[in-house]
Amino acid sequence: MNKPQSIYRKDYTPSEYLIRTTELGFDLAETQTIVTSKINFYKNPKSTKKTNTLFLDGVDLELISILVDKAKPDYKLVEQGLEINSLADEFILEIKNRIHPEKNTSLNGLYQSSGNFCTQCEAHGFRQITYYLDKPDVLSVFTTYIKADKQKYPVLLSNGNLIEQSNGGATWHDPIPKPCYLFALVAGDFVFKKDTYTTLSGNEVVLKIYVQAHNIHKTQFAMAALKRSFAWEEKRFGLEYDLDIYMIVAVDDFNMGAMENKGLNIFNATYVLASLDTVTDKDFIDIEAMIGHEYFHNWTGNRVTCRDWFQLSLKEGLTVFRDQEFTSDLHVRSIKRIEDVKTLRTLQFAEDMGPMQHPVRPEHYIEMNNFYTLTVYEKGAEIIRMVHTFLGEVGFQKGMQLYFQRFDGDAVTIDDFIQSMSDANNFDFSQFMHWYSQSGTPKVSIVSNYNQNDKTFKVTIKQHTQCNYFFPLKFALLSDNGTELESGVLIIKDKEQIFTFNNIDSEPIPSWLRGFSAPIKLESDLTFKQKIFLVGHDSDAFNQWDNAQQLWLSLILAPSSIDQDLFFDAIEKSLKNTLLEGDCVSLIQDKSLICEILTLPSERFLHQQQEVIDIFEIHDKREQVINKIIQRFKSLFGKIYSNLDTYQPCEPTSEAVGNRALKNICLYYLAINGEFELVFEQFKSTNCMSDKMESLKALMVSDNPYKNTALDEFYHEFKNDTQVMDKYFSIQSSAPTANVDSIKSLMQHKLFSFNTPNRLRSVIGSFSQNHANFHNQQGYELLTDVIIKLNQSNPQIGAKLTSVYNHWQRFSPELKALQKQQLEKILAIDDLSNDIFEIIQAALK
């Protein structure tokens, strides 16, 4: 095959032509769809090219007819598109083509999901619909006419406002110019939940959430979350919605979480459908955050969009930061921060260590779908958070206002955003741009020295990096009773910096990197006892958790280096506080925080701490610590569980969530201790999905008399609920008792569907992270067979699964050799997709 070619950021040039208006027509039918387009092109005054030739992107399209200004043009079909020659400076292009959504398993472009039509156009899906300038910096006003069988497809939706509706037809007009990646179309048999929202300026916006009829009862939470998103955006950022209607459509078959198409968001149903008896506490938070994220894109992504795909973090990093703030403002900020940092350290830091490591703004790609990564999203959000820390809330909002004033309606770059922040605050961010151009996670060390004679505390901070990063380091110095002696933000910009604190009467305990103020790996000279002190006394909840994690890490990997009893004494004190009456636990979030402190670092995170990954050694060492925890605290876990296992309404309030979190981690440890009757009793008696799921997980820790009964009962109760069945499959694939034979059996289940990404992720994706049971020849062969099959049907999902092999070179020799064999086997297949090829060649390189 021809080796796929990389696309480079340095080669960006403005399009020679731009588009004023786009009129689209869709004649939807069971065996084909006819697409017509009428596009008004004009010369781009910013283009440096002087030719009169236009190349239009097009993939898997059957051209029926083409006219330029009503005449047949000089054109030819070429690989991946259409070339038209001898064009005027302005002209009207009319094209008719045929596509087959009913055969489209890639779930890009126009495809069918559960018999309904829907689209996914980001990043390059629109070229699978019709010939077009499929570039994010080519914006157009769209008008869309949809025709379909009214009986089968009574609901016909597209972007913008509904202009006209007739028997079997609908016309939509979006007055705000947008790139084609934000185009959306939905046609199917849906019902909707309707509400309205009145903006600050008094405009009434119609809100509709479209779902299949049997799911309409699970839309109330999503609608409330959408209204909270509107209100938060107005209060925090002063931004209002700009159309008459805002729509969400939930579909089961979707490669990603959701898509922010202008005015018509298409969602993976997992992130819309919610009721107390079908989703967990975490699901409620995730659904609210996802709905907020896509709505916030209306300004950071839609009104101001990316000039090119290398700027993806311009919209995604910024919008992730905004949805994180949304959740933090509405719920418990400290717990949200801990969860976000866990994701970053476990997944994004691993990405930085692997063959697909790349800067937040990549310099090249082969397949853009491979760069919707944690680096672009989560690390991108951390960069925005550092900007916010430097400028403060007032300064950050000044920068946002200037950004929108300058660029509303434009396609711009990350540099444009940072320059707006700089100009609005007279702040120099030039050195800060290393965060966008350098890959990898910066390593920083801190060494401190207290001088009793002159009462100074001197701190030396070193960057062990190729370049000097510019970042904020939040800190506090605590006295031996926990009083803050000093606190603030250190500005780090040099290879080595020394900070001296004067008039410190006794040696302080420093609390470094509070709130995780920069995405770095920090090594400090904190002693074991100082870390224990911070777990119990730091007012920064993130650092309480972080120091506990460091202690767990030492206990797992180097148990002789710490005093286990002293650490466990500190944990016991916190646990006993939860049993006391009154205000002994002063903050609602404390139970959630204690749950986080009791949760050990994941095996996946522990792998990062080894130069050579020994899957089974790590698993065994972690299990040994779990057993030590049970030996020390089993009686206390039983008391706490009994104290919290009282009837309470299953509501997603912060207090209730914290109670359930602590109760269920106690139940998990009790299950490992063999108390399965207690676990089964919770499973049988609860109507709350959080409690039911946690008890089912606890029953899966080993073989016991209740395990299969619980699985059977769960299945029969929820077998008609698609989203709950994803949990059913995932919990079995993640179980300590899972193996290749049980996974193959799940894949033969009547409810398993290879072409549904959520179901595939719940089985194969979950099993691939079940480290002790997946990492063997049979596990690898199963994964490879799935990847090869996906290469033809859905290479985007196939590439995500291929990345499981990314760290093969760091494994123990036997597993390293087995993984390399699988990579070479995949590379040798015919017609390997760009998506999978890019992952494979990077891993083998």
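In this structure, Leu243 and Lys262 have side chains that are in contact, with non-hydrogen atoms separated by less than 4.5 Å.
Judged as a salt bridge (charged side-chain N to carboxylate O under 4.0 Å, His left out), and not counting sequence neighbours, Glu316 has no contacts. Annotation: ring pair (Phe, Tyr, Trp, His ring centres under 6.0 Å) contacts of Phe516 (sequence neighbours excluded): Phe542. By the side-chain hydrogen bond (donor to acceptor under 3.5 Å, both in side chains) test, Thr319 is found to be paired with His297, Thr300, residues two or more places apart in sequence or in another chain being considered. With sequence neighbours left out, the side-chain hydrogen bond (donor to acceptor under 3.5 Å, both in side chains) criterion links Gln128 to no other residue. The ring pair (Phe, Tyr, Trp, His ring centres under 6.0 Å) search around Phe310 returns Tyr365, not counting sequence neighbours. Listed by chain and residue number, Arg303 satisfy the side-chain hydrogen bond (donor to acceptor under 3.5 Å, both in side chains) test with Asp408 (two or more places apart in sequence, or in another chain). For Phe471, there are no ring pair (Phe, Tyr, Trp, His ring centres under 6.0 Å) partners two or more places apart in sequence or in a different chain. The side-chain hydrogen bond (donor to acceptor under 3.5 Å, both in side chains) test applied to Asn261 returns no partner, not counting sequence neighbours. Remark: Phe284 pairs with Phe221 by the ring pair (Phe, Tyr, Trp, His ring centres under 6.0 Å) rule, at least two apart or across chains.
With Phe296 as reference, Trp232 is the one residue of Phe230, Phe237, Trp232 to meet the ring-ring contact (aromatic ring centres under 6.0 Å, His included) rule. A ring-ring contact (aromatic ring centres under 6.0 Å, His included) with Trp309 holds for exactly one of Tyr12, Tyr181, Phe371; it is Tyr181. The ring-ring contact (aromatic ring centres under 6.0 Å, His included) test with Phe321 is passed by exactly one of Phe396, Tyr377, Phe417: Phe396. Tested against Phe470 for a ring-ring contact (aromatic ring centres under 6.0 Å, His included), the candidates Tyr436, Trp435, Phe390 yield a single pass: Phe390.
Applying the salt bridge (Lys or Arg N to Asp or Glu O under 4.0 Å) definition to pairs two or more places apart or across chains, those involving residues 393-402 are Arg236-Glu393. Legend: salt bridge (Lys or Arg N to Asp or Glu O under 4.0 Å) pairs involving residues 420-434, not counting sequence neighbours, sorted by first then second residue: Arg406-Asp423.
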Pair up each side-chain donor or acceptor in residues 489-496 with any protein partner under 3.5 Å, not counting sequence neighbours, and list the distances.
{"residue": "Lys495", "atom": "NZ", "partner": "Thr465", "partner atom": "O", "Å": "2.4"}

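Put simply, the side chain of Ser517 gets close to the backbone of Pro472: a donor and an acceptor are under 3.5 Å apart.
Ion pairing of Asp137 with Lys46 is absent here, as no side-chain N (NZ or NE/NH1/NH2) approaches a carboxylate O to less than 4.0 Å. Using a 4.0 Å cut-off between charged side-chain N and carboxylate O, Glu351 and Lys379 make no salt bridge.
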